[in-house]
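Report on one structure; see the data block that follows.
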Amino acid sequence: MRLSRYFLPVLRDTPKEAEIVSHQLMLRAGMIKQSAAGIYSWLPLGLKVLTKIGDIVREEQNRAGAVEVLMPTIQSADMWRESGRYEAYGKEMLRIVDRHDRDMLFGPTAEEVITAIFRDCVRSYKDLPKNLYNIQWKFRDEIRPRFGVMRGREFLMKDAYSFDLTADDARKAYQRMFVAYLRTFARMGLKSIPMKAGTGPIGGDLSHEFIILADTGESQVFCHKDLIDGAVPQAETDFDGDLSGIFKDWTSKYAATEDMHDAAKFEADVPADKRVSARGIEVGHIFYFGTKYSEPMGARVQGPDGKMVTVQMGSYGVGMSRLAGAIIEASHDASGIVWPVPVAPFEVGLINLKSGDKDTDAAALALYDKLRDAGIDVLYDDTDERAGGKFATMDLIGVPYQLIVGPKGVKSGEAEIKNRKTGEKQTLSLDAAITNVVEAVKRQRVLA
RNA sequence: CGGAGCGUAGCGCAGCCUGGUAGCGCACUUGCUUCGGGAGCAAGGGGUCGGAGGUUCAAAUCCUCUCGCUCCGACCA
C-alpha cells in the first residue's frame with residue numbers, strides 16, 4: 001500500500017479522553033475513531049489488525065475441529081424466554097422493539113441462537129461431537145464503557161459452542177478449546193495464563209479465563225510464576241487425541257481470578273517466591289455448562305440405545321476487538337506501538353527519504369515491487385513528508401521493520417533496515433536488504 | 001445509577017471569575033528556501049464557542065434546562 005493513497009489519520013497529540021496507553025495509541029495511530037460511548041469505527045489500520053487477529057483465531061479454531069458459522073446480531077426475545085435468560089440478563093442487554101411490536105434484542109452472546117440451530121438440525125448422536133463458532137459483533141450495554149476497545153459496548157467476539165453426548169466428551173471438547181486458546185494467544189505474541197474463573201450469568205461449573213498480565217488490567221489475579229512462561233502446545237498437537245496431559249500441566253498450578261481466589265490455598269500451594277499477584281486483562285473465557293441451555297430449549301439427540309439424550313454444551317469466547325488493545329498494552333514503547341509480526345497491520349514500512357527525487361523514487365518503487373512480489377504486506381511512504389515525520393509515523397503505527405532508502409543509499413546501492421522492536425539498524429546492499437527483511441518477516445509470521 | 005469533571009477549528013489548549021461580538025500551538029492550503037530522525041520564512045483557509053431558553057443595549061463569558069463525553073465505584077469478552 002502506498003501511504004499517499006491510504007487513509008491514516010495519525011495524531012501528534014493525545015486526545016484527552018484516552019486514559020490508558022492502548023487507547024491513546026489506537027487513536028493516535030488512526031486505528032479507531034469513537035462514534036459514541038463504547039462504540040467505535042475501525043479505520044483501515046485498525047481493521048487490518050482486527051482481520052489479522054481474526055485470521056489467527058480462525059486457523060486455531062479450525063485446527064481444533066471447530067466449524068465457522070455466522071449468526072445474526074439481532075435476535076428474537078422469544079429464544080431468550082425459552083432459555084429463561086430474557087428477564088435474568090438485566091440491563092446489559094439492549095432490548096429493541098420492531099415495527100410489529102415484537103421484542104428483539106442486540107445479541108450480547110449467542111447460546112440461544114446456536115442451541116436453536118442445533119436443536120432443529122441435529123438428530124443423532126452420530127453427528128456428535130460438534131463445535132460451531134461465530135465471529136460477530138456483540139453488544140452489551142455496559143454501565144460504564146471505558147479504556148477504548150478494551151471495554152466497549154459494541155465489541156467483536158469469537159464465540160464457539162460445543163455439543164457432546166456425554167459429560168466426559170464435553171470435557172474433551174473443553175480441553176480442545178483450552179489448547180486452541182493457548183496457541184491462539186501465543187501466536188499473537190501474548191503470554192496468556194488460564195485461570196480458574198467464576199461462571200457469571202453464562203452458568204456452568206467448569207470455567208477458565210485466559211488472562212494477559214498488564215498493569216492496566218481490570219482484574220486482580222493470582223498465580224504461580226511458572227505459568228507465565230508455560231510451554232505452548234505445538235501446531236502438530238493431535239486434537240483428536242488425548243489432551244488431558246496438556247490440560248493438567250496448565251491447570252495443576254495455582255491460578256485464579258479475584259472472585260475464585262483462595263488466599264489460604266494460594267499460600268499453601270505456592271512457595272513465596274513463586275507467588276504472582278498482578279493485574280490482568282481477560283482475553284478469553286471458556287465454560288462447560290452441561291445442559292443449562294439444551295435442557296430448557298430441548299436440544300436432544302437420539303443415543304445409540306435409541307433413547308433421547310439432552311446434549312452437553314460448552315461455550316468459548318475470545319474478545320477479538322479487546323485483543324487489539326491488549327496486544328498494545330503488552331507491546332509498546334515511548335515512540336508508539338510495537339506490533340508482533342503476526343498481527344502487524346503492515347509487516348514492512350518502506351521509507352523514501354526524498355520523494356520527488358527521480359533516482360530515489362525509482363529505487364524505492366523497485367523495492368516496493370520486490371517486497372510485494374515476495375508476499376510482504378508493505379506500507380510504502382511515498383509522501384513528500386520530511387524524513388523525521390516518516391520515521392515518527394512508522395514508529396507510532398508499529399511497523400516491525402523499516403526499510404529506508406535515500407539518495408545516498410541509491411548512489412552506493414544500499415538501503416537501511418531498522419528493527420522497530422530492538423532499534424537495531426543495518427545497512428545492506430539493496431538486494432541483501434530485501435532478502436534479509438523478507439526472511440525476517442517470514443520467520444516471525446508463525447509460532448515455531 | 002451514586003460521586004467528580006469536561007464540552008471553544010481535525011488534535012491539544014487559552015479566553016469565562018470581572019459580558020463589548022473569538023485566539024494560540026500542531027495539522028491543513030499556496031509560495032520560496034530547506035531536506036538522512038517530527039524544518040524556516042511569508043501569505044492563507046477553517047469555529048452557529050455542544051444544544052435550547054432566559055437576563056442584558058450587548059452573552060463563549062451570567063442564570064435555567066437539556067444533550068454528549070471522560071474519570072472513580074458496582075457489572076462484564
Side-chain angles (χ1 to χ4, degrees), chain A residues 9-20 23-24 27-28 30 33-39 57 89-93 107-110 135-160 181 185 197-202 207-212 217-219 257-259 280-287 315-326 335-336 351-357 360 384-396 402 404-412 414-416 418 423 425 427:
Chain A
V10 298
L11 301 173
R12 197 183 285 208
D13 297 312
T14 301
K16 66 165 184 247
E17 72 270 16
E19 195 72 7
I20 63 170
H23 190 194
Q24 293 172 350
L27 291 169
R28 286 191 54 211
K33 181 93 174 77
Q34 183 165 14
S35 178
I39 300 176
V57 168
Y89 209 91
K91 290 194 142 186
E92 280 71 41
M93 184 154 73
T109 175
I135 293 176
Q136 179 62 287
W137 292 91
K138 307 293 191 294
F139 193 93
R140 293 184 190 172
D141 199 359
E142 300 286 346
I143 295 167
R144 192 155 85 80
R146 67 188 120 171
F147 301 150
V149 300
M150 300 278 278
R151 174 163 300 285
R153 290 193 292 170
E154 188 178 58
F155 59 97
L156 189 63
M157 179 167 86
K158 185 284 300 183
D159 42 325
Y181 276 29
F185 301 127
T199 53
I202 307 273
S207 177
H208 286 88
E209 284 183 22
F210 285 74
I211 300 281
I212 305 303
E218 288 190 89
S219 326
T257 57
E258 195 166 23
D259 50 338
I281 300 168
E282 180 186 1
V283 290
H285 200 159
I286 61 179
F287 304 87
S315 76
Y316 314 89
V318 171
M320 293 183 29
S321 44
R322 172 181 287 183
L323 269 169
S335 308
I351 292 180
N352 181 337
L353 289 173
K354 195 165 185 179
S355 298
D357 176 85
T360 314
D384 57 7
E385 171 81 30
R386 303 170 71 79
K390 291 185 177 186
F391 288 119
T393 298
M394 289 294 180
D395 283 350
L396 174 63
Q402 292 168 18
I404 301 149
V405 276
K408 288 181 197 165
V410 170
K411 262 188 198 153
S412 59
E414 289 173 326
E416 186 178 298
K418 184 185 142 188
K425 295 175 191 170
T427 301

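Naming: A, B, ... by sequence-line order, numbering from 1 per chain.
- B:rG12 sits 11 Å from B:rG7 when the P atoms are compared, rounded to a whole Å.
- No contact: A:Asp159 has no heavy atom under 4.0 Å from any strand.
- Shortest non-hydrogen contact noted between A:Gly423 and A:Lys418 is O-CG, 4.3 Å.
- The structure places CD of A:Gln402 at 12.0 Å from NZ of A:Lys390, a figure rounded to the nearest 0.5 Å.
- A 3.5 Å limit on both hydrogen-bonding distances identifies B:rC11 as the Watson-Crick or G-U partner of B:rG25.
- By the salt bridge (charged side-chain N to carboxylate O under 4.0 Å, His left out) test, A:Lys158 pairs with no residue at all, sequence neighbours left out.
- Contact annotation: side chain of A:Arg386 to base of B:rA39, donor-acceptor pair present below 3.5 Å.
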Distances for protein N/O vs nucleotides 2-4 of chain B N/O pairs under 3.5 angstrom?
none

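- Look at the P atom in both B:rU56 and B:rA14: the space between them is 32 Å, to the nearest Å.
- Note that CZ of A:Phe147 and CD of A:Gln24 are 11.5 Å apart. Values are rounded to the nearest 0.5 Å.
- Straight-line distance between the C1' atoms of B:rG2 and B:rA74: roughly 10 Å, to the nearest whole Å.
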With side chain to side chain donor-acceptor pair (under 3.5 Å) as the test, would you mind laying out the steps for A:Asp159 and A:Gln136 before giving the verdict? CA-CA 8 Å; A:Asp159 42 325; A:Gln136 179 62 287; over 6 Å; no
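- One P atom belongs to B:rC13, the other to B:rA58, and the distance between them is 34 Å to the nearest Å.
- Here A:Gly388 lies in heavy-atom contact (under 4.0 Å) with sugar-phosphate atoms only.
- Across every strand in view, B:rC62 sits in a pair with B:rG54 that passes the Watson-Crick or G-U test at under 3.5 angstrom.
- Contact annotation for A:Glu142: base contact, defined as any heavy-atom pair under 4.0 Å involving a base atom.
- Put simply, CD on A:Glu142 and CD on A:Glu92 are 6.0 Å apart, with the number rounded to the nearest 0.5 Å.
- In this model, the phosphate group of B:rU70 is approached by a side-chain N or O of A:Gln34 to a distance below 4.0 Å at OP1 or OP2.
- If A:Met320 and A:Leu11 are placed on RNA chain B by their nearest nucleotide, the residue sitting closer to the 5' end is A:Leu11.
- If you measure from atom CD of A:Glu17 to atom P of B:rC11, you get 8 Å, rounded to the nearest angstrom.
- From A:Met157, atom CE reaches atom CZ of A:Phe139 across 14.0 Å, with rounding to the nearest 0.5 Å.
- Residue A:Glu209 is out of contact with every strand shown, counting any heavy-atom pair closer than 4.0 Å.
- In this structure, CD of A:Glu385 is placed 13 Å from P of B:rG37, rounded to the nearest angstrom.
- Evaluation of A:Phe391 against the base of B:rG38 yields no stacking contact (centre distance < 5.5 Å, interplanar angle < 30° required).
- Here A:Ile281 contributes atom CD1 and A:Glu209 contributes atom CD; the two are 12.5 Å apart, rounded to the nearest 0.5 Å.
- Closest approach to the A:Lys408 side chain among B:rA77, B:rG36, B:rC69 is made by B:rG36 (side chain taken as heavy atoms from C-beta onward).
- Rounded to an integer number of Å, the gap from CD of A:Gln402 to C1' of B:rG37 is 10 Å.
- For A:Tyr181, the ring-ring contact (aromatic ring centres under 6.0 Å, His included) partners two or more places apart in sequence, or in a different chain, are A:Phe185, A:Phe210.
- Straight-line distance between the C1' atoms of B:rA52 and B:rA59: roughly 15 Å, to the nearest whole Å.
- A:Leu353 comes within contact range of at least one nucleobase, with a heavy-atom separation under 4.0 Å.
- Within the 4.0 angstrom heavy-atom criterion, no nucleotide atom of any strand lies near A:Ser321.
- Backbone-only contact: A:Ala37 has heavy atoms under 4.0 Å from sugar-phosphate atoms and none from a base.
- Pairing partner, B:rA4: B:rU70, with both Watson-Crick or wobble hydrogen-bond distances short of 3.5 Å.
- Taking atom C1' in both B:rU8 and B:rU21, one finds a spacing of 14 Å when rounded to whole Å.
- Base pairing analysis places B:rC35 opposite nothing; no Watson-Crick or G-U wobble pair with both distances below 3.5 Å involves it.
- In the set B:rA77, B:rG38, B:rG37, the nucleotide with an atom closest to the side chain of A:Lys418 is B:rG37.
- Pairing of B:rA42, defined by two Watson-Crick or G-U wobble distances under 3.5 Å, is identified with B:rU30.
- Among the protein residues, A:Phe147 comes within range of the sugar-phosphate backbone only, with heavy atoms under 4.0 Å from sugar or phosphate atoms but none that close to a base.
- Residue-level contact check: A:Pro108 touches neither bases nor backbone, having no heavy atom under 4.0 Å from any strand.
- On the P atoms, B:rG23 is 31 Å away from B:rG5, given to the nearest whole Å.
- Across all strands shown, A:Lys16 has heavy atoms under 4.0 Å from sugar-phosphate atoms exclusively, and none from any base.
- Contact check, A:Arg322 against B:rA77: no side-chain N or O comes under 4.0 Å of OP1 or OP2.
- Between A:His285 and A:Ser207, the shortest heavy-atom distance links the atoms NE2-OG, 2.8 Å.
- When the P atom is used for both B:rC17 and B:rU30, the distance is 41 Å, rounded to whole Å.
- At a threshold of 4.0 angstrom between heavy atoms, the contacts of A:Gly409 include nucleobase atoms, whether or not backbone atoms are also involved.
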Assess whether side chain to side chain contact (heavy atoms under 4.5 Å, CB included) is satisfied between A:Thr360 and A:Leu353, documenting all intermediate values. CA-CA 8 Å; A:Thr360 314; A:Leu353 289 173; 5.7 Å; no
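- Considering only side-chain N and O atoms, A:Arg12 lies under 4.0 angstrom from the phosphate OP1 or OP2 of B:rA27.
- Here B:rA74 presents its C1' atom at 17 Å from CZ of A:Arg140, a figure rounded to the nearest Å.
- Separating the CG atom of A:Asp259 from the P atom of B:rC75 is a distance of 9 Å, rounded to the nearest angstrom.
- Base pairing of B:rC49 is not made with any nucleotide, judged by Watson-Crick or G-U wobble geometry with both donor-acceptor distances under 3.5 Å.
- Residue A:Asp384 contributes atom CG, which lies 15 Å from atom P of B:rC35 at whole-angstrom precision.
- Looking at heavy-atom distances under 4.0 Å, A:Lys33 makes no contact with the nucleic acid at all.
- At whole-Å resolution of the value, NZ in A:Lys425 and C1' in B:rG37 are 7 Å apart.
- Summarising the geometry, atom CD belonging to A:Glu218 is positioned 8.0 Å from atom CD1 belonging to A:Ile20; distances are rounded to the nearest 0.5 Å.
- Residue contacts shown for A:Gly406 include a base, since a base heavy atom lies under 4.0 Å away.
- Counting to the nearest Å, the C1' atom of B:rC71 and the CD atom of A:Glu218 are 13 Å from each other.
- If A:Val410 and A:Pro15 are placed on RNA chain B by their nearest nucleotide, the residue sitting closer to the 5' end is A:Pro15.
- As judged by a 4.0 angstrom heavy-atom cut-off over every strand, A:Ala18 is placed among residues making no nucleic acid contact.
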